[in-house]
Peer 1: 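The following block contains the structure, expressed as structure tokens.
Only heavy atoms go into these numbers, but all of them, side chains included; no hydrogens, no water, no symmetry mates.
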Amino acid sequence: MLRWMKKSNQNDSDAYTSTIDGMKKVYKKFVRPLEELYRYQEFYSPLLTDSDFDAPPTVMLLGQYSTGKTTFIKYLLETDYPGLRIGPEPTTDKFVAIMHGEQDQIIPGNALVVDQRHPYKVLTRFGNNFLQRFEAAVIKNPVLQGLNLLDTPGVLAGAKQTVNRGYDFTGVVKWFADRVDMIVMLFDAHKLDISDEFSQTILACKGNDTKIRIVLNKADKVTNQQLMRVYGALMWSLGKVLGTPEVARVYIGSFWDQPYQNDDNRKLFEMEEEDLFKDIQSVPRGSIVRKLNDLVKRCRIAKTHAYIMAHIKNEMPVFGKEAKMKQIIANLPKIFQQLEQTTGIPAGDFPNVEEFQEKLKTFDITKLAKLNQGMIDALDKMIATELPRLMAQVPQDQELANDDYMMSVRKREGGALFESDMTPFGDGATMDILNSPLPVKEFQYEFEKLGPSADGKINGTQAKQPMQESKLPNATLRRIWTLADLDKDGKLDLREFAICKQLIKMKLDGHDLPVEVPDIWVSPMAE
């Protein structure tokens with residue numbers, strides 16, 4: 001299991017479910033009736049359904065084409081997902097929700113939006129052109145048991161920006177940005193220019209600044225001096241686009257399973273990778289708090305909206321409603337100021353004036369409703385009493401045992417988020433080579449030079465340096481060790497060392513690692 005799931009997964013799951021159930025109940029009883037009465041969904045976001053509360057936390061990846069978004073996901077999962085394509089040109093031309101399931105499959109967008117188990121029904125408003133470019137990739141992978149990943153089309157640059165996608169790309173990005181739990185923006189250390197479409201995409205994430213994480217990818221392709229300059233240029237460019245005094249956390253590394261081209265910054269890349277993975281691992285814990293926070297924010301907006309719409313209703317005459325509505329729209333800023341004084345609602349809770357005016361121009365006057373003070377009072381009481389009680393049910397972070405070795409090496413199916421303290425690389429299609437006998441004697445001399453102990457084994461310290469000479473990332477070496485350490489004792493005998501070396505050779509030759517060591521390598525009889 002994932003490290004963050006090892007100890008507290010069961011308790012967290014129980015508390016999460018009960019908190020979610022409580023949120024569903026208070027929303028249906030206190031919030032949704034108020035939204036329906038004052039037509040909240042016509043001015044803001046659609047009414048919530050159970051799937052909106054039940055949806056797993058999601059991490060969305062954004063970036064210009066060829067910055068390594070899809071490769072980053074493959075690195076996390078340590079396997080391909082259905083429909084994956086990687087290349088130097090824009091290969092991911094779809095929004096792909098990658099989720100856990102028992103059978104690998106691809107679910108087309110039109111089928112996905114009608115599935116009540118998923119919170120995507122509202123995406124139908126972006127039209128059929130978008131739905132043809134939206135799908136779910138279902139794969140059995142332990143990384144996805146706690147969260148979903150969202151791969152996105154590469155943001156266009158240069159002349160490609162003139163291509164019409166056929167749907168509102170930034171509108172879709174904004175919809176997802178408002179609902180996901182983390183937004184990972186990837187930049188290529190060799191291509192720091194931010195295109196116009198990428199600027200618009202970043203601005204579409206406005207209001208979700210705390211969710212954004214920046215990844216400076218492919219950093220192994222530059223020298224130390226170049227990396228320092230690239231980092232400074234990135235911070236300067238982001239400051240101009242975001243327009244905020246503080247820039248999101250930037251992680252530096254090379255997130256793929258190939259050898260580093262410049263090994264000088266290996267230690268930096270390892271520390272940055274560890275920090276980023278810990279950040280992603282914290283997403284499921286933080287998701288429930290985010291949903292509670294979003295619910296409170298929605299309650300405040302619904303309350304303010306009710307006062308605005310009730311005030312407009314109160315101003316309506318018996319005759320000449322359309323003329324009066326035009327007058328109200330023109331005087332809307334003064335109405336907001338008046339309501340701020342009479343209701344005590346903070347100015348920050350009122351909507352954008354221009355956007356609200358545009359919505360009122362097409363609103364059906366006959367749907368206006370009078371103020372229902374009882375519903376608002378009930379909403380205030382719920383915010384003051386019920387939501388704090390729900391918050392108290394959220395489990396607190398628990399310290400994980402650093403020496404829980406046997407738990408950390410139990411059988412699992414992959415994923416770079418896994419850690420194993422039994423390997424020296426963690427902190428805390430069929431190929432001929434897999435069908436051939438293991439050349440154990442080929443590696444005997446190298447093994448003997450490492451000085452095995454009396455039991456004929458070497459430890460992690462002895463094996464670490466010769467394995468790191470491959471310049472493969474630690475996450476890849478960690479998985480190789482886990483596969484080769486057949487008896488899970490944290491040491492390698494000659495056969496296990498030979499398996500390590502053979503897997504490294506496979507990886508350097510461009511092959512994917514197997515899910516498990518082939519039987520022909522395990523049996524001495526094969527030689």
Peer 1: Check whether any side-chain heavy atom of F134 sits under 4.5 Å from a side-chain heavy atom of V96, and report yes or no.
Peer 2: no

Peer 1: Look only at the side chain of D220 and the backbone of Q261, and say whether a donor-acceptor pair between them is shorter than 3.5 Å.
Peer 2: yes

Peer 1: I want to know whether F447 and F497 have ring centres closer than 6.0 Å.
Peer 2: yes

Peer 1: If we count only N and O atoms by modelled type, under 3.5 Å, do the side chains of D115 and Y120 hold a donor and an acceptor together?
Peer 2: no

Peer 1: Which heavy atom of L486 sits nearest to which heavy atom of E496, and what is that distance?
Peer 2: N-OE2, 3.0 Å

Peer 1: Is a side-chain donor or acceptor of D52 paired with a backbone partner of T49 at a separation under 3.5 angstrom?
Peer 2: yes

Peer 1: Between K74 and D80 (salt bridge meaning N to carboxylate O under 4.0 Å), is one present in this structure?
Peer 2: yes

Peer 1: Do I139 and P82 have side chains that get closer than 4.5 Å, going by heavy atoms?
Peer 2: yes

Peer 1: Will you find, in the side chains of N224 and N265, an N or O donor that is under 3.5 Å from an N or O acceptor?
Peer 2: yes

Peer 1: Which atom names give the shortest non-hydrogen contact between A177 and K211, and what distance separates them?
Peer 2: O-NZ, 2.9 Å

Peer 1: Which pair of heavy atoms, one from L227 and one from A219, lies closest together, and at what distance?
Peer 2: CD1-CB, 3.9 Å

Peer 1: Strictly distance-based, threshold 3.5 Å: is any side-chain N or O of N141 a donor or acceptor partner for the main-chain N or O of L77?
Peer 2: yes

Peer 1: Just by modelled atom types, is the L186 backbone N or O under 3.5 Å from a matching donor or acceptor in the K69 side chain?
Peer 2: no

Peer 1: Would you say the side chain of L494 lies within less than 4.5 Å of the side chain of V440, judging by non-hydrogen atoms?
Peer 2: yes

Peer 1: Can you list every pair that meets side-chain hydrogen bond (donor to acceptor under 3.5 Å, both in side chains) and has a residue in residues 173-183, with sequence neighbours left out?
Peer 2: D178-N208, D181-S287, D181-R290

Peer 1: Kindly indicate whether the side chain of E78, heavy atoms from C-beta on, has any atom under 4.5 Å from the side chain of R479.
Peer 2: yes

Peer 1: Does some side-chain heavy atom of V184 sit less than 4.5 Å from a side-chain heavy atom of M60?
Peer 2: no

Peer 1: Look up atom CE in M23 and atom CD1 in I288, then write down how far apart they are to the nearest 0.5 Å.
Peer 2: 5.0 Å

Peer 1: Mind running side-chain contact (heavy atoms from CB on, under 4.5 Å) on I458 and K491 for me, showing each step along the way?
Peer 2: CA-CA 6 Å; I458 58 173; K491 299 179 182 180; over 6 Å; no

Peer 1: So, for R165 and P153, which heavy atoms are closest and what is the spacing to 0.1 Å?
Peer 2: NH1-CB, 3.7 Å

Peer 1: Heavy-atom distance under 4.5 Å between the side chains of E197 and F169, does that happen here?
Peer 2: yes

Peer 1: Here's a test for you: under salt bridge (charged side-chain N to carboxylate O under 4.0 Å, His left out), which of D485, D489, D493 qualifies with K457?
Peer 2: D489

Peer 1: Would you please test T71 and N217 for side-chain contact (heavy atoms from CB on, under 4.5 Å) and show each step?
Peer 2: CA-CA 11 Å; T71 304; N217 199 18; over 6 Å; no

Peer 1: So does I252 get a backbone contact from the side chain of E272, meaning a donor-acceptor N/O pair under 3.5 Å?
Peer 2: yes

Peer 1: Who pairs with K121 by side-chain contact (heavy atoms from CB on, under 4.5 Å), at least two apart in sequence or on another chain?
Peer 2: none

Peer 1: So do V59 and V180 actually touch side chain to side chain, heavy atoms under 4.5 Å?
Peer 2: no

Peer 1: Between Q462 (side chain only) and N459 (backbone N and O only), is there a donor and an acceptor less than 3.5 Å apart?
Peer 2: yes

Peer 1: Look up atom CH2 in W256 and atom OG1 in T70, then write down how far apart they are to the nearest 0.5 Å.
Peer 2: 14.0 Å

Peer 1: Would you check if the side chain of T152 reaches a backbone N or O of L61 as a donor-acceptor pair within less than 3.5 Å?
Peer 2: yes

Peer 1: Quick one: do D188 and K218 make a salt bridge, cutoff under 4.0 Å?
Peer 2: yes

Peer 1: Check this for me, if you would: do D54 and R117 make a salt bridge, where the nitrogen-to-carboxylate-oxygen distance has to be below 4.0 angstrom?
Peer 2: no

Peer 1: Ignoring hydrogens and geometry, is there a side-chain-to-backbone donor-acceptor pair from Q226 to T223 under 3.5 Å?
Peer 2: yes

Peer 1: Indicate the ring-plane relationship of F95 and F176, choosing parallel, tilted or perpendicular according to the 30° and 60° boundaries.
Peer 2: parallel

Peer 1: Which distance, rounded to the nearest 0.5 Å, do you find between the CG of L450 and the OG1 of T461?
Peer 2: 11.5 Å

Peer 1: Can you find a heavy atom in the side chain of K140 that is under 4.5 Å from one in the side chain of Q103?
Peer 2: no

Peer 1: Does the structure place the NZ or CZ of R133 under 6.0 Å from the centre of the six-membered ring of F130, at an angle of no more than 45° from the ring's axis?
Peer 2: no

Peer 1: Which atom pair, heavy atoms only, marks the closest approach of D279 to Y251?
Peer 2: OD2-OH, 2.7 Å

Peer 1: Could you walk me through whether Y81 and V138 pass the side-chain contact (heavy atoms from CB on, under 4.5 Å) check?
Peer 2: CA-CA 8 Å; Y81 63 79; V138 182; over 6 Å; no

Peer 1: Once the angle between the rings of F255 and Y75 is folded into 0 to 90°, is it parallel (under 30°), tilted (30 to 60°) or perpendicular (over 60°)?
Peer 2: perpendicular

Peer 1: Please check this pair: side chain of T67 against backbone of G63, looking for a donor-acceptor N/O pair closer than 3.5 Å.
Peer 2: no

Peer 1: Can you see whether N474 engages E270 through a side-chain donor-acceptor pair at a distance of less than 3.5 angstrom?
Peer 2: yes

Peer 1: Between atom CG of L147 and atom CE of M99, what is the distance when rounded to the nearest 0.5 Å?
Peer 2: 11.5 Å

Peer 1: Just how far is it from atom CD1 of I183 to atom SG of C205, taken to the nearest 0.5 Å?
Peer 2: 4.0 Å

Peer 1: Nearest 0.5 angstrom please: L434 CG to D519 CG, how far?
Peer 2: 11.5 Å

Peer 1: Evaluate the salt bridge (Lys or Arg N to Asp or Glu O under 4.0 Å) criterion for residues D168 and R125: first the C-alpha distance (whole Å), next the side-chain angles of each, then the deciding distance (0.1 Å), finally the verdict.
Peer 2: CA-CA 10 Å; D168 183 5; R125 74 185 193 188; over 6 Å; no

Peer 1: Grab the two heavy atoms, one from W481 and one from L492, that are nearest each other, plus how far apart they are.
Peer 2: CZ3-CD1, 3.6 Å

Peer 1: Please tell me whether D196 and S199 have a donor and an acceptor in their side chains that are separated by less than 3.5 angstrom.
Peer 2: no

Peer 1: Under 4.0 Å between a Lys/Arg side-chain N and an Asp/Glu carboxylate O for R249 and D275?
Peer 2: yes

Peer 1: Check the pair Q132 / N128 against side-chain contact (heavy atoms from CB on, under 4.5 Å), numbers first and verdict last.
Peer 2: CA-CA 6 Å; Q132 289 179 346; N128 192 55; 3.1 Å; yes

Peer 1: Are any side-chain N or O atoms of N129 and backbone N or O atoms of Y167, one a donor and one an acceptor, separated by less than 3.5 Å?
Peer 2: no

